[in-house]
Chemist: 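Below: one structure in structure tokens.
Convention: sequence-line order gives letters A, B, ...; per-chain numbering from 1.
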Protein chains: 2
Amino acid sequence: MSIREVATRAGVSPATVSRVFTRPDAVAPDTRDRVLAVAQELRYTPHPVARSLARRRTGNLGIVVPDIANSFSAVVTKAVQQEAARDGYALFVSGSDERAQDEEQWARAMAPQVDGLMLVSPLMSDEALRELADIPLVLSNRLLDALPAVVTDASDAVGHAVEHLHALGHREIVYLAGPDGFANTMRLRGYHGACRRLGVRPRELGPFNARFADGVRAADLVLATSATAVVAYNDEVAVGVLNRLADRGLRVPDDLSVVGVDDTSLAEMVTPRLTTVRLPAAESGRVGVRILLDLIDRRPAPAEPVRLAAELIVRSSTGPVRHGE
Amino acid sequence: MSIREVATRAGVSPATVSRVFTRPDAVAPDTRDRVLAVAQELRYTPHPVARSLARRRTGNLGIVVPDIANSFSAVVTKAVQQEAARDGYALFVSGSDERAQDEEQWARAMAPQVDGLMLVSPLMSDEALRELADIPLVLSNRLLDALPAVVTDASDAVGHAVEHLHALGHREIVYLAGPDGFANTMRLRGYHGACRRLGVRPRELGPFNARFADGVRAADLVLATSATAVVAYNDEVAVGVLNRLADRGLRVPDDLSVVGVDDTSLAEMVTPRLTTVRLPAAESGRVGVRILLDLIDRRPAPAEPVRLAAELIVRSSTGPVRHGE
DNA sequence: ATGAAAGCGCTAACAT
DNA sequence: ATGTTAGCGCTTTCAT
């Protein structure tokens, strides 16, 4: 209805109006100006839904994350939205709340109305993932077949954390495992590798949920051992440990050294400031979008998963082992 | 192309297939089953874009928040997404990064492809807001004309915070102002009201950005006064204060009592746990969605802005004023 | 450089 | 209960 209004008012055909908004230089300067003037006057703007149908392109991207309110997910989402916006793409967002079923359902619902889909730490079955891949799809922190993926490899940096603690004199370093999955596997690999190299006996506790409350709970379990240092699955768990330690009147790092993973903003806000492994959350979002855009425009996507490195950030929650120990 | 495939394979007209997916009981049970069987076999599902165009309904909602990665925004967004999902709506999300221009641009871009739009703490001009209101629109923490709105009224609870501090013996209570806007105005109102009632001389510092770093900076300014207690614009600022105080070797609440606003998850994670005003973030998101859905279905929306109350949560960052003072 | 016509995939009267 | 017929608003050959 609307492109026709503009067309008649400007004394041209709808096709010409369409051209003005798609390939402006395919139309004569004066008619273009005339059309533009009418469009402006009528506040006309091409209807995106009709456009999507005709073009078979929506101009939208979608992302499904484990938890929108989780600060790590939020940082990824923000970066994805910003990067997508640079190319004029709008973004659908949804959270799975860690339920594989909801996740799959959302992904399926989004698929037909987006040009590309990013799945962050997806839980769904390999089969479900493969079926979704008939549209441009990129996985974050999950590997499957040759599907495009961006993964954050924390293993080296977690290894550095262990070395760091070892250099401070720690010999009993416990790892607080998180929920089973790619992230935990990588951390564990780094932990075990470093322990082996350094001759430290590895010791795992957990698995815990990746939550503050679980960190609080974990603290007492750690204190029941002879450990002098702990590497937690993520910052939130680490901060839970910190909190419980403070309640029990223990001092960090004097009584126990604590390391987190993520380097969310939380890490710098707590007392003492948290030594942690920085994960390139925003970068992984940006890389994901770029892969998607390549796929959409039929440019080649990276054949191998893009591996992003993490780095150890030393702050005040780690220190020399206490002499008395 | 696709509904027709199903139609011919099932030996019915496209209209019947359409009915099966829209008003299933308007079609005979056996034909319905037949159609469903074919659809399943062909993995057919109605194309949402085509459907949107024909129905003049997208089944999508949109939200624009100041900052996706901000934990308050993230909680609102999460609640909105979940509430929208219950009614089968998908959600577009975008962040303005506090730039009025981007905010307006995003809102305009979303408008034609959503059935309703929620704007959280919008910065754009009244004029721009009015123009957007030709589709169902709900404002959060902004009032304009008779536009549907949900506002979080922190004034009473901030007043309670001041009373709480007064009861603990504090007589010099400073308020750390945030960026100018609805939220700051409400907090200020509560602060001034309580000061007046209690005969406390109000004292404002700032305005500060609502950030950790600004809280750190604010701490020293507070210490340069004779204040014994501080009410910060939000939790992040309050935690910044906490952090700087710890660095300067001062104890909370012994040397200074600190109150935040928001009750983000951060509040319980820091040491000492933060006394704060709890804002019903998730609730405001849910209410916003419900208003939108009412508007969409032409049910009456609340004539007055929905006011959500805040409440003071007392934790460990506030205590009796020190005797020596 | 511009227009006519067909079609993107679906829904919604209106008939039957 | 089902089919026919027009669109929804735009893009895109194909002509001219």
Side-chain angles (χ1 to χ4, degrees), chain A residues 1-36 38-39 42-60 88 90 108-115 134-135, chain B residues 1-39 42-60 88 90 108-115 134-135 296:
Chain A
M1 185 66 155
S2 227
I3 201 177
R4 261 183 286 181
E5 284 262 287
V6 179
T8 51
R9 299 264 265 242
V12 297
S13 78
T16 299
V17 178
S18 176
R19 285 189 195 99
V20 168
F21 284 92
T22 48
R23 293 172 301 117
D25 26 44
V27 59
D30 51 333
T31 46
R32 186 202 312 154
D33 292 348
R34 194 151 30 93
V35 169
L36 246 19
V38 175
L42 263 46
R43 316 185 118 283
Y44 167 81
T45 171
H47 187 115
V49 175
R51 182 174 258 197
S52 298
L53 187 60
R55 280 190 174 164
R56 300 140 138 272
R57 280 259 193 127
T58 63
N60 299 145
R108 278 189 202 284
M110 279 183 179
Q113 43 187 338
V114 300
D115 296 335
D134 59 340
I135 68 162
Chain B
M1 186 64 157
S2 229
I3 201 178
R4 259 182 289 181
E5 285 261 288
V6 179
T8 51
R9 299 265 264 240
V12 296
S13 78
T16 298
V17 178
S18 176
R19 284 189 196 100
V20 168
F21 284 92
T22 48
R23 295 172 299 119
D25 26 45
V27 58
D30 51 332
T31 47
R32 186 202 312 153
D33 293 349
R34 194 153 29 96
V35 169
L36 247 18
V38 175
L42 262 46
R43 316 187 117 280
Y44 167 82
T45 170
H47 187 116
V49 175
R51 180 175 260 197
S52 300
L53 187 59
R55 280 190 174 166
R56 301 140 141 273
R57 282 256 194 130
T58 62
N60 299 146
R108 277 188 203 286
M110 279 183 181
Q113 44 187 336
V114 300
D115 297 333
D134 59 340
I135 67 161
I296 291 170

Chemist: B:Leu53 CG to C:dG7 C1': how many Å, rounded?
Modeler: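 Value for this atom pair: 12 Å.
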Chemist: Output the single nucleotide from C:dG3, C:dC10, D:dC10 whose closest atom is nearest the side chain of A:Thr16.
Modeler: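 Out of C:dG3, C:dC10, D:dC10, the nucleotide with an atom closest to A:Thr16's side chain is C:dG3.
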Chemist: What contact category does B:Val17 fall into here, base, sugar-phosphate, or nothing, at under 4.0 angstrom with non-hydrogen atoms?
Modeler: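 B:Val17: no heavy atom of the nucleic acid under 4.0 Å.
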Chemist: In whole angstroms, how far is the P atom of D:dT5 from the CD1 atom of B:Ile3?
Modeler: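 Atom-to-atom, B:Ile3 to D:dT5, this comes out as 17 Å.
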Chemist: So which nucleotide from D:dT12, C:dG7, D:dA1 ends up closest to the side chain of B:Ala28?
Modeler: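 In terms of side-chain proximity for B:Ala28, the closest of D:dT12, C:dG7, D:dA1 is D:dA1.
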Chemist: Assign each of B:Ala54 and B:Arg32 to its nearest nucleotide of DNA chain D by heavy atoms, then name whichever residue's nucleotide is nearer the 5' end.
Modeler: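 Going by which nucleotide is closer to the 5' end, it is B:Arg32.
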Chemist: Using atom CZ of B:Arg19 as one end and atom P of C:dC10 as the other, report the distance to the nearest whole Å.
Modeler: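 Interatomic distance, CZ of B:Arg19 to P of C:dC10: 15 Å.
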Chemist: Can you check the A:Phe21 CZ to D:dG9 C1' distance for me, whole Å?
Modeler: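 My rounded result for the distance is 13 Å.
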Chemist: Go through the structure and list residues passing side chain to side chain contact (heavy atoms under 4.5 Å, CB included) with B:Leu36, not counting sequence neighbours.
Modeler: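 Counting only residues at least two positions away or on another chain, B:Leu36 forms a side chain to side chain contact (heavy atoms under 4.5 Å, CB included) with B:Val20, B:Phe21, B:Arg32.
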Chemist: Determine the contact category for A:Val12: base if any of its heavy atoms lies under 4.0 Å from a base atom, sugar-phosphate if only primed atoms, P, OP1 or OP2 are that close, otherwise nothing.
Modeler: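 Result for A:Val12 = sugar-phosphate.
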Chemist: Need one value for A:Ala15: base, sugar-phosphate or nothing, where a base atom within 4.0 Å counts as base even if backbone is also close, heavy atoms only.
Modeler: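 It contacts base atoms.
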Chemist: Could you tell me the separation between the CG atom of A:Asp115 and the C1' atom of C:dC8, rounded to a whole number of Å?
Modeler: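 My rounded result for the distance is 15 Å.
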Chemist: Could you tell me whether the side chain of B:Ile296 reaches within less than 4.5 Å of the side chain of B:Arg57, counting heavy atoms only?
Modeler: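 Yes, side chains in contact.
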Chemist: Could you pull out the closest heavy-atom pair between A:Val49 and B:Leu53, with the gap in Å?
Modeler: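 So the two residues come closest at CG1-N, 3.8 Å.
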Chemist: Tell me the interatomic distance from A:Glu5, atom CD, to D:dC8, atom P, rounded to whole angstroms.
Modeler: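 My rounded result for the distance is 12 Å.
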Chemist: With a 4.5 Å limit on heavy-atom distance, are the side chains of B:Arg51 and B:Thr22 in contact?
Modeler: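 Side-chain contact under 4.5 Å: yes.
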Chemist: Counting heavy atoms not belonging to B:Arg108, are there more than 12 under 6.0 Å from its CZ?
Modeler: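 Counting neighbours around CZ of B:Arg108, more than 12 heavy atoms of other residues, nucleotides or ligands fall under 6.0 Å, so yes.
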Chemist: Quick one: pull up OH in A:Tyr44 and CD in A:Glu5 and give me the separation to the nearest 0.5 Å.
Modeler: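 Between atom OH of A:Tyr44 and atom CD of A:Glu5 there are 11.0 Å.
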Chemist: May I ask you to say what A:Ser18 touches in the nucleic acid, namely base, sugar-phosphate or nothing, with a heavy-atom cut-off under 4.0 Å?
Modeler: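 Base, at least one base heavy atom under 4.0 Å.
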Chemist: Contact class for A:Thr31 vs. all strands (heavy atom < 4.0 Å): base, sugar-phosphate, or nothing?
Modeler: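 Here A:Thr31 touches the backbone only, sparing every base.
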Chemist: Of the listed nucleotides (D:dC8, D:dA1, C:dA4), which one gets closest to any side-chain atom of A:Arg4?
Modeler: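 Nucleotide nearest to A:Arg4's side chain: D:dC8.
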Chemist: Between C:dT11, D:dG9, C:dG3, which nucleotide has the shortest distance from any of its atoms to the side chain of A:His47?
Modeler: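 Output: D:dG9.
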Chemist: Could you tell me if the side chain of A:Val17 sits less than 4.5 Å from the side chain of A:Pro14, heavy atoms only?
Modeler: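 With C-beta onward as the side chain, the pair stays apart.
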Chemist: Between D:dG7, D:dT11, C:dG3, which nucleotide has the shortest distance from any of its atoms to the side chain of A:Thr22?
Modeler: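 Among D:dG7, D:dT11, C:dG3, the one nearest the side chain of A:Thr22 is D:dT11.
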Chemist: Measure from OH on A:Tyr44 to P on D:dG9 and round the result to the nearest Å.
Modeler: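 Whole-Å distance recorded here is 10 Å.
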Chemist: With nearest nucleotide decided by heavy atoms, which residue, B:Val27 or A:Pro14, maps closer to the 5′ end of DNA chain D?
Modeler: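 Here B:Val27 is the residue nearer the 5' end.
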Chemist: Rounded to the nearest Å, what distance is computed from the CD atom of residue A:Gln113 to the P atom of nucleotide C:dC10?
Modeler: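 It works out to 13 Å between those atoms.
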Chemist: At how many degrees, to 10°, do the end axes of the helix from C:dA1-D:dT16 to C:dT16-D:dA1 meet when each uses five pairs?
Modeler: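 Comparing the first five pairs with the last five, the axes sit 30° apart.
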Chemist: I need the minimum non-hydrogen distance between B:Ala10 and B:Arg34, along with the two atoms involved.
Modeler: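 Nearest pair, atom of B:Ala10 first, then B:Arg34: O-NH1, 2.6 Å.
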Chemist: Name the closest nucleotide to the B:Arg51 side chain, picking from C:dC10, C:dT2, D:dT2.
Modeler: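 It is C:dC10.
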Chemist: Which nucleotide sits closest to the side chain of A:Arg56: C:dT11, D:dG9, C:dG9?
Modeler: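 Of the candidates, C:dG9 comes closest.
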